[in-house]
Amino acid sequence: MKQILCHYSIIRVIYLVIFISLYSCQKPPDCFKITFKEQTRDGRYYFHWGDFDNNFGHNEKQLDIRSGEVTSYEYREYEVGDTYCRE
């Protein structure tokens with residue numbers, strides 16, 4: 001009887017390890033705050049995020065500006081200041 005209980009305990013541990021391994025492999029969503037929206041002449045839509053410094057004449061600070069193309073639906077659904085998560 002003890003051997004059977006020990007066997008089931010080992011199986012439980014194995015299942016737990018597998019579950020934790022699979023769960024930890026999932027990539028967290030990439031979220032950012034939209035700081036600028038852009039629609040190009042050729043019909044593409046972009047969200048920009050990062051550090052926009054309005055003092056473009058000064059080179060003292062490196063700008064950290066990123067962007068990503070989104071669908072027209074996403075472009076209409078989100079506003080500047082919203083948090084956008086891409087998968």
With under 30° as parallel and over 60° as perpendicular, where do the rings of Phe36 and His48 fit, or are they tilted in between? tilted
Can you label the angle between the Tyr75 ring and the Tyr45 ring as parallel, tilted or perpendicular, going by 30° and 60°?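 Ring orientation, 0 to 90° scale: tilted.
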Under the ring-ring contact (aromatic ring centres under 6.0 Å, His included) test, which residues partner Tyr46, sequence neighbours left out?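 With neighbours one apart ignored, the set is empty.
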Minimal non-hydrogen separation, Glu79 against Ile34, with atom names: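 Looks like O-CD1, 3.8 Å.
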Shortest non-hydrogen separation from Val80 to Thr35 and the atoms involved: CG1-O, 3.7 Å
Roughly how far, to the nearest 0.5 Å, is the CD atom of Glu38 from the OG atom of Ser67? 7.5 Å
From CD (Glu77) to OG1 (Thr71), nearest 0.5 Å: 9.0 Å
Does the side chain of Trp49 reach to within under 4.5 Å of the side chain of Lys33, using non-hydrogen atoms? no
Hey, does Tyr84 have a side-chain heavy atom less than 4.5 Å from the side chain of Val70? yes
Report the residues that fulfil salt bridge (charged side-chain N to carboxylate O under 4.0 Å, His left out) with Arg44, sequence neighbours left out, ordered by chain and then residue number.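 For Arg44, the residues satisfying salt bridge (charged side-chain N to carboxylate O under 4.0 Å, His left out) (neighbours in sequence not counted) are Glu69.
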